[in-house]
There are 2 protein chains.
Amino acid sequence: MRNPWATKMEQFTAFTADERTRLDTVLASRQQAFQAQEDIIADGAHSDYCHVLLTGLACRYKILPDGERQIMAFLVPGDLCDAEIFILKKMDHAVGTLTASTTAMIHSSEMKMLLREASPISEALWWGTMTDLGVLRERIIDQGRRDATERLAHLLYEMLVRYRVSGATETNAIDFPITQTDLADATGMTPSHVNRVLQRFREDGLIELRSRTLTIANPARLKSLAQFSAAYLHLDRTEAKDPAVFARAGDLISVP
Amino acid sequence: MRNPWATKMEQFTAFTADERTRLDTVLASRQQAFQAQEDIIADGAHSDYCHVLLTGLACRYKILPDGERQIMAFLVPGDLCDAEIFILKKMDHAVGTLTASTTAMIHSSEMKMLLREASPISEALWWGTMTDLGVLRERIIDQGRRDATERLAHLLYEMLVRYRVSGATETNAIDFPITQTDLADATGMTPSHVNRVLQRFREDGLIELRSRTLTIANPARLKSLAQFSAAYLHLDRTEAKDPAVFARAGDLISVP
DNA sequence: CGTAACTTTGAGACGTATCAATTCTTGTGG
DNA sequence: CCACAAGAATTGATACGTCTCAAAGTTACG
C-alpha cells in the first residue's frame with residue numbers, strides 16, 4: 001500500500017523498516033471513502049478517530065454566521081485532518097473534501113500511544129503539528145501584508161511544493177480541481193478578482209490552467225512574485241539534501 | 001511563586017498537588033528578563049530552551065523582505081513562546097517583547113519528558129498547542145472575511161478574554177501597552193485607519209482607551225460586532241462551569 | 001522640560017468588492 | 001453520442017473601504 005503519511009513524515013526523519021511497517025499497519029486497519037463536497041468531520045463534531053487523507057483533496061473551512069465560507073487550509077494526501085480530536089472535545093471548524101477522497105482512521109488511543117513513545121514517529125507527529133502552525137502563520141502573513149496577486153501566487157506555489165513533496169508529481173504540473181470560488185474562499189478575495197488575477201498570470205506566462213491541470217510555466221518568477229521562502233515548511237531532510245528526498249522538491253525550495 | 005503557565009493549563013484540566021509542584025519546579029529552575037522591544041528568540045535562531053512568558057507582553061512577528069512587520073499573535077503570561085524549538089531546527093518567525101518581560105526557560109530534554117508522560121501535564125501541553133492552532137485559524141478568518149471594524153473588535157475582545165482567563169484582571173479593564181502601530185501590524189491595517197476605527201468605537205461607547213488602559217465599556221455589543229464565539233479557545237473547564245475557573249471569564253464566553 | 005514616540009487629522013488615489021449578465025465546460029440521461 | 005443542465009469561468013461598470021502621504025497635535029519619559 002502507498003503510505004503518503006509516512007512519505008510526508010520522512011521529509012523530517014528517516015524511519016526503520018519496523019517503523020514503516022507500524023505506520024502501514026495503523027493506516028490499513030480502518031479506512032473510509034468520501035464523495036466530493038462531503039464533510040470528513042463537521043464543525044462542532046467529536047469523533048474517536050483521527051483521519052489521515054490518503055487520496056483526493058480536502059480543506060479546512062468554517063462557515064461564518066453570514067453564510068460566507070473561509071477556507072483555512074488545503075489538505076493533500078498524507079495530511080492529518082483532525083489531529084486535535086484526540087484531545088479536544090469538539091472541532092472548532094470543519095474538514096471537507098473537494099474531490100472524491102479516502103481516509104485512514106486512527107483511534108484516539110492508538111494516536112496517544114504513538115505520541116508517547118520516544119520514537120522517530122512521535123517526533124515526526126510533533127513536526128507535522130509544528131509545521132501546520134507554520135503554514136497557518138504564513139497564511140496570516142499572506143492576508144495581512146500581501147496583495148491579491150502575491151497571495152494567489154503564494155498559494156499556487158505552495159501547492160506545487162506540497163504536491164512535489166508528497167510525491168504526487170515530479171514535474172511542474174499538478175492536478176488542480178480547486179475552483180476559482182474555492183481559491184476566493186481561501187484567499188479572502190472575490191471569485192471575479194481571482195479570475196482577473198489568474199488571467200494576468202496566464203498573460204504573463206507564469207502559469208497554464210485548464211481542465212483541472214495547473215502548470216507552473218515559470219516557477220522562478222512565480223516564486224519571487226510570491227516572496228516565497230520554504231523555511232516555514234521545515235523540510236529538514238530536503239534542506240539537508242538527503243538524496244532520495246531532495247530529488248523531489250529541491251529545485252523549488254532552494255534558498256536564493 | 002505565581003505560575004501563569006499552570007493557571008492557563010488548568011483551563012483545560014485539573015492538576016494534583018504533585019503536578020503543580022512539578023510545574024512550579026520546572027519554571028523556577030532558570031529564568032530570564034527582557035526589556036521592551038527585545039527579541040526573546042530571533043527569526044531563524046535555534047535554542048536548547050523553550051520560553052514560557054511569566055510577566056509582560058510579547059508577540060510573534062515576522063519582518064518581510066520589504067521591511068513591513070506582521071504580528072501573528074500576542075502572547076500573555078502563561079503562553080509558550082517557542083514550543084517548536086524542541087523539535088525544529090530553527091524558528092520560522094521571531095518572538096519579541098512589547099513591554100519589559102520575564103520568561104522561564106525549559107530545556108528541550110525536560111520538555112520532551114513532559115510530553116511523553118501519560119499525564120494531565122502532557123495532555124495540557126497538547127491542548128495548548130491545539131488551541132494555538134485554533135487561534136491562528138481564527139485570525140485567518142478575521143483577515144479573510146471580516147472588515148477592519150470587525151477585525152479590531154475581535155482582537156480587543158479576545159485580549160480581554162485571555163486576560164481574564166489568565167487571571168490578570170477581574171474587571172472589563174486591562175493594561176493595554178499595545179500601540180496603534182502594533183494593532184495595525186497585527187490586523188493588516190494602516191495605523192491611521194486603526195486610529196479612525198478606535199475613535200468610532202469610543203464614540204459608540206464600546207470602549208475607553210487612554211494611558212495604556214483599555215476598558216471594554218460594552219462587552220456584549222463589542223462581542224456581537226466581532227462575531228466572537230469562544231469555541232476556538234477550547235476553554236473546556238470554563239464551559240463546564242468549573243466554579244473556580246468559570247468565575248473568571250464565564251460572563252464573557254457564554255454561548256448566546 | 002525637551003524630545004522622541006505615539007496619536008490624530010485631511011484629501012486624494014487605488015485595489016478590490018459588488019452585482020449582473022454572458023460564455024464556456026463538464027457531466028449526465030435520453 | 002448528442003443535447004441539455006448545472007456548474008464554472010469570464011466580462012463590465014460602478015461603488016466603497018482602506019491606503020498613502022503629509023503634517024499637526026499630544027503624551028510619556030529621561
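Values below: every heavy atom of this structure, side chains too, minus hydrogens, waters and symmetry copies. Labels below follow one simple rule: chain letters A, B, ... track the order of the sequence lines, proteins then strands, and each chain is numbered from 1.
- Between N195(B) atom CG and dC6(C) atom P there is a gap of 14 Å when expressed in whole angstrom units.
- Contacts between chain A and DNA chain D, taken as any atom within less than 4.0 angstrom of a protein heavy atom, begin and end at dA8(D) to dA13(D).
- Because its NZ or CZ atom is not both nearer than 6.0 Å to the ring centre of Y232(B) and within 45° of the ring axis, R137(B) does not count as a cation-pi partner of that residue.
- A salt bridge links R69(B) to D182(B): at least one charged side-chain nitrogen sits closer than 4.0 Å to a carboxylate oxygen.
- Residues R2(B) and S166(B) approach most closely at NH2-O, 3.3 Å, considering heavy atoms.
- Y157(B) and F228(B) have tilted rings, their planes meeting at an angle from 30° to 60° on a 0 to 90° scale.
- Residue E170(A) places its CD atom among 12 or fewer non-hydrogen atoms of other residues, nucleotides or ligands, all under 6.0 Å distant.
- Between the two ends of the helix from dC1(C)-dG30(D) to dG30(C)-dC1(D), each summarised by a five-pair axis, the helix axis turns through 50° (rounded to 10 degrees).
- When the side-chain nitrogen and oxygen atoms of Q199(B) are compared with OP1 and OP2 of dT9(C), one or more of them lie within a distance under 4.0 Å.
- Among the atoms of the strands shown, none is found under 4.0 Å from any heavy atom of R146(B).
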* May I have the step-by-step check of side chain to side chain donor-acceptor pair (under 3.5 Å) for D43(A) and H93(A), ending in yes or no? => CA-CA 4 Å; D43(A) 194 357; H93(A) 65 285; over 6 Å; no
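- With values rounded to the nearest 0.5 angstrom, Q70(A) atom CD is found 13.5 Å from R60(A) atom CZ.
- In this structure, D132(B) contributes its side chain and T129(B) its backbone to no donor-acceptor pair below 3.5 Å.
- Between the P atom of dT8(C) and the CD atom of E203(B) lies a distance of 11 Å, rounded to the nearest Å.
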* **Check against side chain to side chain contact (heavy atoms under 4.5 Å, CB included), V95(B) and C59(B)** => CA-CA 6 Å; V95(B) 177; C59(B) 67; over 6 Å; no
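- Nearest heavy atom pair, residue Q37(B) against residue L98(B), reads NE2-O, 3.5 Å.
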* Base, backbone or nothing for each nucleotide of nucleotides 17-27 of chain C, written B, S, -, heavy atoms under 4.0 angstrom, 5' to 3'? -> SBB------S-
